Number of protein chains: 2
Amino acid sequence: MSSAPSKTIADNSDKLVTTLERPRERIVKSAIELFRQHGIKGIGVDAIAEAAGSNKMTLYRHFGCKDDLVCECLKQVSSEKERIWVDLEDAYPGEPARQLRGWVDEAAQRIFNDLRGCDLVNAAVELKEAGHPAQKVIMDAKKAHVQHLVELCRRAGVQQYEQLAQALVLLVEGARVCGQSIGIEGPQQRLKQTCEALIDAFSKH
Amino acid sequence: MSSAPSKTIADNSDKLVTTLERPRERIVKSAIELFRQHGIKGIGVDAIAEAAGSNKMTLYRHFGCKDDLVCECLKQVSSEKERIWVDLEDAYPGEPARQLRGWVDEAAQRIFNDLRGCDLVNAAVELKEAGHPAQKVIMDAKKAHVQHLVELCRRAGVQQYEQLAQALVLLVEGARVCGQSIGIEGPQQRLKQTCEALIDAFSKH
DNA sequence: AATGTGTGTTACCGGTCAGTAACGTCCCAA
DNA sequence: TTGGGACGTTACTGACCGGTAACACACATT
């Protein structure tokens, strides 16, 4: 189906995108990064296309409008997030309890290394217009993530697995958003210990 | 000096702002509401002025630029938030433990009645430009809020008062942001019980 | 050699938005 | 009565932004 890699010439790769990928992938990748830096409403499609070493026309040939590009970015972000569940299974195969600790550890590390918060949450904050297509993407991804964690808690042998999972989600989401609004010195510093203590408490009975 | 209420004529109050207040107050009030509805970057100064029953020129006479108006709105929002501490003291005078439960109850109710999240957090998400004046306003307000809660936990006789306060902040912030991104069916439904259980656990030793 | 697809380039449109200028009006205080 | 301060109105600027049109080019397939 006519998919030739654009490795042809010594591509004058203007920006950060060292090619080998096709324009579509480069555009999505650049868009994700620029949305992260400037917010969705804070960056224009022209700047995105340029950062991808492409141009606005090509962008609009792949995505009918900016909102479609936004949705594609959010889908990609959430599918990358989904990978954590198989990574945890690989790291601690057949040990759901350890996987749960691993999930906490991962979350805590991510929060300390990046104070820009969750892409999905940030998008939800920006895109308030009723019925915006991105809202469904965000909601579905978040629900799926919660559901995965609930399932992990159940497999870890926790009786009140749903309560534990929900509390952990609140703590982690709260920690991310605190890092974003308060900065490093926020109340999210003891996130890991708090989560682990909570897991311990729920694991006893 | 020279502060006469503009009650003069049967003001053709175009919009939602039933006057009696002066333009400045009406503009701030309208801006807070419209920022809440559409986001800061999602509404223009013209629409704000009109909703306030005023006009852009008057707005710019009171606020040098949009960012200044944003800062003023955030300051007002946070000072309104501050009122909860005296309200709690009024409701349960000399009973910090009950005040703490009251704080949780208040937060839980607010989250269920309004899924639009915290104005300060939302502003922090939107205003990412390095050195934006609103960032300091947000940070100061959030830090003060956390500090107030820490102090309340201490006064409530909790030994590890700082840990408890920080965990409660994470839970509540997480709950707000979950309501915003997931909707009513999010994991924030059991927020109150979770917080109360946490307070119980911390109060025992 | 001919064709078609994906891509790049330039230019444009219409709309919105932050911010300003100039002028007029109303009302209060002196 | 008069002056001044606060406010309203209209019109404008310059920038940006989402989206489109038209044309050119490069390349792979046939």
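In this text, all values refer to a predicted model and were calculated from it rather than measured experimentally. Order of the sequence lines fixes the chain letters, A, B, ..., with proteins taken first and strands second; residue numbering starts at 1 for each chain.
One finds no salt bridge joining B:Glu80 and B:Arg83 here, because no Lys/Arg side-chain nitrogen approaches an Asp/Glu carboxylate oxygen to under 4.0 Å. For the pair A:Glu82 and A:Lys75, the salt-bridge criterion is not met [side-chain N within less than 4.0 Å of a carboxylate O]. Ion pairing between B:Arg101 and B:Glu196 fails under the 4.0 Å rule for side-chain N and carboxylate O.
Contact record, B:Glu89 with B:Arg155: OE1-NH2, 3.6 Å, taken as the closest heavy-atom pair. Considering all non-hydrogen atoms of both residues, B:Pro187 and B:Ile182 come closest at CD-CD1, 3.6 Å.
Whole-Å rounding puts the A:His38 NE2 to D:dC16 P distance at 14 Å. Atoms CD (B:Glu50) and P (D:dT10) sit 12 Å apart, rounded to a whole Å. Taking atom CG of B:Leu59 as the reference point, atom P of D:dC7 lies 12 Å away to the nearest angstrom. Put simply, CZ on B:Arg22 is 13 Å from P on C:dC27, counting in whole angstrom units. Rounded to whole Å, the distance from CD1 on B:Ile48 to C1' on C:dC17 is 12 Å. If you measure from atom OH of B:Tyr60 to atom P of D:dT13, you get 18 Å, rounded to the nearest angstrom. The nearest whole Å value for the distance from the CZ atom in B:Phe63 to the P atom in C:dA18 is 15 Å. Going from atom NZ of A:Lys41 over to atom P of C:dC17 covers 10 Å, rounded to whole Å.
Distances shorter than 4.0 Å separate some side-chain N or O of A:His62 from OP1 or OP2 on C:dT7. Residue B:Ser54 places no side-chain N or O under 4.0 Å from the OP1 or OP2 atom of D:dC7.
For the pair A:Gln188/B:Glu173, no side-chain contact is recorded, criterion being any heavy-atom separation below 4.5 Å from C-beta on.
Looking at residues 123-131 of chain A, you'll see that no heavy atom sits under 4.0 Å from any atom of DNA chain C.
Considering only the side chain of A:Val45, D:dG18 comes nearest among D:dG18, C:dG6, C:dA18.
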Between the protein and nucleotides 10-15 of chain C, which nitrogen or oxygen pairs are less than 3.5 angstrom apart?
none

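Distance alone, capped at 3.5 Å, is enough to place a donor-acceptor pair between the B:Gln189 side chain and the B:Ile184 backbone. Side-chain atoms of B:Asn113 come within 3.5 Å of backbone N or O of B:Gln109 as a donor-acceptor pair. A distance-only check finds a donor-acceptor pair linking the side chain of A:Arg26 to the backbone of A:Glu21 [under 3.5 Å].
In this structure, A:Trp85 has its ring center under 6.0 Å from that of A:His145.
Note on A:Ile43: only backbone sugar-phosphate atoms sit closer than 4.0 angstrom, heavy atoms only; bases stay farther off.
Defined by atom type and a distance below 3.5 Å, a donor-acceptor pair is present between the side-chain atoms of B:Gln180 and B:Asn122. Donor-acceptor pairing under 3.5 Å is recorded for the side chains of B:Glu33 and B:Gln37.
Each end of the helix from C:dA1-D:dT30 to C:dA30-D:dT1 gets its own axis, taken as the rotation carrying the C1' atoms of four end pairs onto the next four within a five-pair window, and the two axes meet at 0° to the nearest 10 degrees.
Between the side chain of A:Arg61 and the base of C:dG8, a donor-acceptor pair under 3.5 Å is found. Between the base of C:dG6 and the side chain of A:Arg24 there is no donor-acceptor pair shorter than 3.5 Å.
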